[in-house]
Amino acid sequence: MMKMKTVLVIINCIILAIGNCGGPLMTRLYFRNGGKRIWFSSFLQTSGCPIILLPLLFSFLTRHRKQEQEDTKTTLFLIKPPLFLASVVFGLLIGFDNYLYAYGLAYLPVSTSSLIISSQLAFTALFAFFMVKQRFTPFTINAVVLLTLGAGSLALHADGDKLPKETRKEYIVGFAMTVAAAVLYAFVLPLVELTYKKASQRISYTLVLEMQLVLCVVATCFCLVGMLADGDFKELRREAREFKYYCVVVAFTAVIWQGFFLGSIGMIFCASSLVSGVLISALLPLTEVLAVLFFREKFQAEKGVSLFLSLWGFVSYFYGKIQSEKEKRTQEAQLSQLQVTESVA
């Protein structure tokens, strides 16, 4: 059981890393090449959800084979109404969050957006403390402070980082939208963890995938309504004609972003919302570096400081986790030895 959980942690870390680093780059690539539809960009972030049907099909066939031997009926889906309704609410929140994030990324460099988003860890920690009684250690507090300072140091030279032909007003609105996206997603992470804890049915990884499917379908429909209201469908054909590799970029954007959502929700199941938030924040400096390499974005001294503080915070958090696990194992061994001594006496 423990080995299986370790495998799940590794898989979710990998797909979260791919989605967290690749998603913003693909979205920025869309805007750099003439894309202007913010609702469509939001739609792409969750429209890759049919991919989830593949692991769900594998899970169903495995359960069916096992239950066939036991002569019991296999249910197609495990999710029950309370969790289904909760997933619908999450989907609406995520759909709105996608819009805020896409709006911000339309007017900000990826490196700037990533560093702003890394501040969500502080909000995740705050919400997790009140909502799921997340225990704080000195290492956790140190990591949160460092990662928050890493994002905050960006503000020292933010105004000199505007995109070409961008007005100051557009930059400020983009900055504000990105901060709002960070706060909202920071609220959603512990809310999902709280739902897991309060659920009346056992939470398995298959059930997590089913919830993720419902969440993404609802978020995609939310953005689809926005596309219809904003007249996006009239403009998409024109964009496709002007952008040579339009379909390739659109397809890869949808698939890569799905990795982000699967990985972040999966890490909540395997560990906690705070761990998911730490991983997201720790990976953002890598996104920043990739943006500088691929898009030739500016790399001021403030971004270097932010990168250093973020990496320091990441190392601090996981060193603390290792120390906590060692202490926990020591206490369990001492308790076990004490119980043996008492039974012999």
Side-chain angles (χ1 to χ4, degrees), residues 4-5 7-16 18-20 23 42-64 74-98 101 120 124 127-128 131-132 134 181 184-224 254-277 279-280:
M4 184 61 186
K5 193 166 185 178
V7 171
L8 284 176
V9 168
I10 293 170
I11 291 172
N12 280 288
C13 281
I14 292 171
I15 61 176
L16 177 58
I18 293 170
N20 200 57
S42 310
F43 168 85
L44 290 177
Q45 292 180 45
T46 50
S47 60
C49 58
I51 293 172
I52 303 173
L53 291 172
L54 295 175
L56 283 177
L57 177 61
F58 175 77
S59 174
F60 172 77
L61 293 174
T62 304
R63 281 186 289 122
H64 179 68
T74 309
T75 54
L76 185 59
F77 293 106
L78 300 177
I79 194 168
K80 292 182 179 177
L83 284 181
F84 179 84
L85 291 174
S87 300
V88 170
V89 173
F90 298 150
L92 293 173
L93 291 174
I94 290 296
F96 183 55
D97 187 70
N98 288 349
Y101 179 76
Q120 81 177 29
T124 301
F127 290 132
M131 294 168 69
V132 294
Q134 174 70 50
L184 181 55
Y185 198 71
F187 173 71
V188 171
L189 289 177
L191 186 61
V192 171
E193 184 180 358
L194 181 64
T195 303
Y196 289 167
K197 289 179 181 293
K198 300 290 185 182
S200 57
Q201 62 181 117
R202 188 180 71 85
I203 304 295
S204 63
Y205 193 65
T206 300
L207 185 56
V208 169
L209 289 175
E210 290 181 8
M211 290 177 66
Q212 176 71 8
L213 180 62
V214 174
L215 180 158
C216 287
V217 168
V218 172
T220 303
C221 291
F222 177 86
C223 294
L224 191 61
V255 171
I256 291 173
W257 267 119
Q258 193 55 222
F260 169 78
F261 287 107
L262 272 173
S264 59
I265 297 295
M267 284 308 299
I268 296 174
F269 168 74
C270 295
S272 69
S273 56
L274 187 56
V275 171
S276 185
L279 276 173
I280 291 169

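Values reported hereafter were calculated over all heavy atoms of this structure, with side chains retained and with hydrogens, waters and symmetry mates removed. FYI, the numbering just counts along the sequence from 1.
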Show the nearest heavy-atom pair for residues Asn98 and Gln45, with the distance to one decimal.
OD1-OE1, 3.1 Å
Under the criterion side-chain contact (heavy atoms from CB on, under 4.5 Å), I'd like the reasoning laid out for Ile265 against Asn12: C-alpha separation, chi angles, the key distance, then a yes or no.
CA-CA 9 Å; Ile265 297 295; Asn12 280 288; over 6 Å; no
Roughly how far, to the nearest 0.5 Å, is CD1 of Ile10 from SG of Cys270?
10.5 Å
Spacing of Ser200 atom OG and Leu83 atom CG [to the nearest 0.5 Å]:
6.5 Å
Qualifying residue for side-chain contact (heavy atoms from CB on, under 4.5 Å) with Phe260, from Ile15, Ile280, Ile18
Ile280
Atom CG in Leu76, atom CG in Leu56: separation rounded to 0.5 Å?
9.0 Å
Minimal non-hydrogen separation, Tyr205 against Gly266, with atom names
CE1-CA, 4.2 Å
To check you understand the geometry: which heavy-atom pair defines the closest contact between Thr195 and Ala86, and what is its length?
CG2-CB, 4.0 Å
State the CG-OH distance between Leu207 and Tyr196, to the nearest 0.5 angstrom.
8.0 Å
Does the side chain of Ile11 reach to within under 4.5 Å of the side chain of Val7, using non-hydrogen atoms?
yes
Which is it for Trp257 and Tyr101 under the ring-ring contact (aromatic ring centres under 6.0 Å, His included) test, yes or no, and what are the steps along the way?
CA-CA 13 Å; Trp257 267 119; Tyr101 179 76; 5.6 Å; yes
Rounded distance [0.5 Å steps], CE in Met267 versus SG in Cys13:
4.0 Å
Exam field: side chain Ser264 to backbone Ser276, donor-acceptor pair closer than 3.5 Å
no
Looking at Gln201 and Leu78, would you say the former's side chain and the latter's main chain have a donor-acceptor pair under 3.5 Å?
yes
Would Thr220 and Ser47 count as having a side-chain donor-acceptor pair, cut-off 3.5 Å?
no
Least distance between heavy atoms, Val88 atom then Val218 atom:
O-CG1, 3.5 Å
Quick one: does Glu210's side chain have a donor or acceptor within less than 3.5 Å of a partner on Ile79's backbone?
yes
Kindly say whether the aromatic ring centers of Phe90 and Phe261 come within a distance under 6.0 Å.
no
Just wondering, more than 12 heavy atoms not from Phe96 lying within 6.0 Å of its CZ?
no
Which pair of non-hydrogen atoms, one from Cys216 and one from Cys49, has the smallest distance, and what is that distance?
CB-CB, 3.4 Å
Does the side-chain contact (heavy atoms from CB on, under 4.5 Å) test come out yes or no for Asp97 and Val188, once each step is laid out?
CA-CA 10 Å; Asp97 187 70; Val188 171; over 6 Å; no
Indicate whether the side chain of Tyr185 and that of Thr124 have a donor and an acceptor atom separated by less than 3.5 Å.
no
Looking at OG of Ser204 and CZ of Arg63, how far apart are the two atoms once the value is rounded to the nearest 0.5 Å?
7.5 Å
Take Leu93 and Leu191 through the side-chain contact (heavy atoms from CB on, under 4.5 Å) test and state the conclusion after the steps.
CA-CA 11 Å; Leu93 291 174; Leu191 186 61; 4.0 Å; yes
With side chains defined as the heavy atoms from C-beta onward, is the minimum distance between Ser59 and Leu209 less than 4.5 Å?
no
Does any non-hydrogen side-chain atom of Lys197 lie less than 4.5 Å from one of Met131?
no
Residues Leu215, Met211; criterion side-chain contact (heavy atoms from CB on, under 4.5 Å); working and verdict:
CA-CA 6 Å; Leu215 180 158; Met211 290 177 66; over 6 Å; no
